[in-house]
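Notes to accompany the following structure.
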Amino acid sequence: MSATATNIQSSPDGNNFAIEIKGMHKWYGQFHVLKDINLEVKQGERIVICGPSGSGKSTMIRCINRLEEHQQGQIMVQGIELTDDLKKIDEIRREVGMCFQHFNLFPHLTVLENCTLAPIWVRKMPKAEAEEVAMSLLERVKIPDQAAKFPGQLSGGQQQRVAIARSLCMNPKIMLFDEPTSALDPEMIKEVLDVMVELANEGMTMLCVTHEMGFAKMVADRVIFMDVGQIVEENNPHEFFDNPQHDRTKLFLSQILDH
Amino acid sequence: MSGFKEIADMPPPASTTGVVGWVRQNLVSTPMNTFFTFIGLYLIYLLLPPVLDWAIFSATFSGEDGAACTGTGACWAFVRARITLFIYGFYPSEEYWRMNLVFALLAITFVPQFFDAFPYKKWFGIFSLTGFPFISFYLISGDILGLAHVETESWGGLSLTLILSFVGIIAALPFGVLLALGRRSNMPIIRTMCIIFIELWRGVPLISVLFMASVMLPLFLPEGVTFNKLLRAMIGIVMFQSAYMAEVIRGGLQAIPKGQYEAASALGLSYWKSMTFIIMPQALKLVIPGIVNTFIALFKDTTLVLIIGLFDVLGSVQSAIVDPAWRGVSTEGYVFAAFCFWVFCFGMSRYSMALERKLHTGHKR
């Protein structure tokens, strides 16, 4: 089953949004990290989120699969509202894949086992089929020859590609990327971005926290700029880079682009 | 730039490898090191000959009673004469075959599991935790299939030590895992209960736990309700050791990065699945030294059952020493008991080291 076929379908309640966030607030204790976040993501849309560190961008995408809990407002993913209901959380997590800055591969399992664990135990897929799917995805991220190795034996770029393959094995409809290239050596960033570009071109719904502006210009449908827990500005990449509206955005762009 | 030429790999200098390299690095690297090497050799020269002379060259290996031991060396004849007591305790001699069968079964089920190439490891592993304890229990205790019943009061010696530690080890690990998870749980009632349990059992000496189990507990039970002394001792040991085990495992759980929990959740794994497949395998691997440490302590702590009238290997040695026929022979018995403990503890320690090496998947950098 290709990712493209499932992404074009609309969600069960008839609207076309993959993710809808309405008036979402979040606090860490007394600290108000996210303030009045409103965001609608269409099926198949590719969104890049950028902003200074501490601006809440990671926290926001981590709310989408409930790695962080929001305290106010509404988050709908594929038409399912995120609440305390564990069943709904599980349902959403099955549809949403995530890649982390530090890969978070399981070091005690081989690359292939990393990829087959969730399909076997969450999707109840037979082992042989799960391995077949995993191998085809490892081929897609161009490391099928590393399947029998342990994560600790791979380079950072290879580990991140395994992490992407591991998420794709669950056949998600949405992919979240939390600074996927920030922990990588410059030589390895490209191999990971290539995989992500390919994924974007196939029509996967993607939310990507990244500072790779080249990637944003190439694939993003929309760029979102966040600061102090709020969405400051959002626009298509062309307008965003050439004609930023807010002073804060201009300052940020000048700092990351002119160096 | 054009002058760059890649140099092919060369072997290291000969003086840093092989036997010569090892001696240079480890024995004579500095004047101080050389000095200590010679001190060490001198100590070995002083100590080893008398020990060997006592244990082997001047020792008496056979004889009917203490009168046979006239030499200056060890009286191993005593250990030989009492070996059945040391191994089987007061188990009836015509039923020794049942105990031997259990020992054989133990060897057959566990030894193959230590070899990677053995194909049925998984099934042997399952059998050693399920079938083996039951079969062993009925073989030793009898009262089934025409086997004569043997009271637990007659169990003793090395076999009792092994039974107590086997049960302790097999039961303390899963209880410890559950208690450790409970102590880290988000649910306040479960967490509090686990903390109370752990702190209570950890806060009292094992000897008082055993004493309570054997002397005090019957006072609190209603009239006529009794249960076996050995069983009570076992429960005491398991509770006590699982509290220690829980804290060792909690240490491992705390060392697992948050990212592992998050990755497991993000893939949709439930709490129990992520614990079973992701967190616990890594946490347990990290604390293998601590777990084996607890196992070794448990193995040696079984000697404390002596104070409630059960005779483990040390207890049977002590009871044999008072025999007037072997007046003046005691060191040999204690050396034998120490040797039994040492063999098993050293075996566990080596196995844990091999296990650590095997499970090391190269993620530590």
Side-chain angles (χ1 to χ4, degrees), chain A residues 58 61-62 64-68 86-87 89-111 113-124 148-156 159 162-163 166-172 174-178 183, chain B residues 116-117 121-122 125 173 177 180-181 184-188 190 249 251-291 352 354-365:
Chain A
S58 287
I61 68 163
R62 288 156 61 88
I64 294 169
N65 63 353
R66 197 63 162 195
L67 289 182
E68 303 285 351
L86 286 176
K87 260 193 187 148
I89 295 173
D90 282 345
E91 219 172 306
I92 287 170
R93 282 177 178 166
R94 277 197 289 266
E95 306 301 331
V96 181
M98 185 161 196
C99 286
F100 300 87
Q101 182 178 2
H102 296 290
F103 333 130
N104 298 351
L105 292 176
F106 306 131
H108 62 300
L109 300 176
T110 63
V111 164
E113 287 165 342
N114 262 280
C115 294
T116 55
L117 186 101
I120 291 173
W121 291 99
V122 180
R123 291 251 190 247
K124 312 279 176 221
K149 287 194 184 167
F150 287 99
Q153 297 164 308
L154 305 185
S155 73
Q159 290 194 42
V162 172
R166 177 177 71 176
S167 301
L168 293 178
C169 280
M170 287 294 282
N171 193 19
I174 301 165
M175 281 292 290
L176 309 174
F177 292 87
D178 189 0
Chain B
D116 280 342
K121 265 176 84 170
K122 190 174 142 198
L173 190 60
V177 166
L181 289 176
R184 284 171 60 84
S185 161
N186 293 326
M187 288 175 264
I190 291 182
I249 293 168
L253 287 173
Q254 277 173 348
I256 303 297
K258 206 170 149 233
Q260 294 289 311
Y261 292 88
E262 288 176 353
S265 303
L267 283 169
L269 290 165
S270 67
Y271 174 81
W272 287 110
K273 279 176 188 158
S274 56
M275 287 301 145
T276 313
F277 299 118
I278 310 298
I279 307 301
M280 268 304 159
Q282 295 185 59
L284 291 179
K285 187 176 85 184
L286 279 175
V287 293
I288 287 174
I291 292 176
S352 91
L355 199 62
E356 273 176 68
R357 268 197 301 278
K358 194 182 109 186
L359 296 178
H360 180 66
T361 53
H363 64 285
K364 278 180 227 134
R365 295 213 167 162

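Computation of the quantities below employed the complete heavy-atom set of this structure, encompassing side-chain atoms and omitting hydrogens, waters and symmetry-equivalent molecules. Throughout, protein chains are lettered first and strands after them, A, B, ... in sequence-line order, and every chain is numbered starting at 1.
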Practice task
Give, for atom CG of A:L86 and atom CZ of A:R93, the distance between the pair rounded to the nearest 0.5 Å.
Solution key: 8.5 Å
Handout entry: Proximity breakdown for A:R62 and chain B, heavy-atom pairs closer than 4.5 Å
Key = side chain
Practice task
Any chance you could measure A:T110, atom OG1, to A:K149, atom NZ, to the nearest 0.5 Å?
Solution key: 12.5 Å
Exercise for the section: Please determine if A:E91 and A:K87 form a salt bridge, counting it only when a charged side-chain N lies under 4.0 Å from a carboxylate O. Expected result: no
Completion exercise
Those residues at least two apart in sequence (or on a different chain) that pass ring pair (Phe, Tyr, Trp, His ring centres under 6.0 Å) with B:Y261 are none
Handout entry: Partner chain B: residue of A:L117, A:D90, A:N65 with the largest heavy-atom pair count (under 4.5 Å)
Key = A:L117
Practice task
Please look at A:F106 and chain B and tell me whether the side chain, the backbone, both or neither of the residue comes under 4.5 angstrom of a heavy atom of that chain.
Solution key: both
Handout entry: chain B contact via A:I89 - side chain, backbone, both or neither, heavy atoms under 4.5 Å
Key = neither
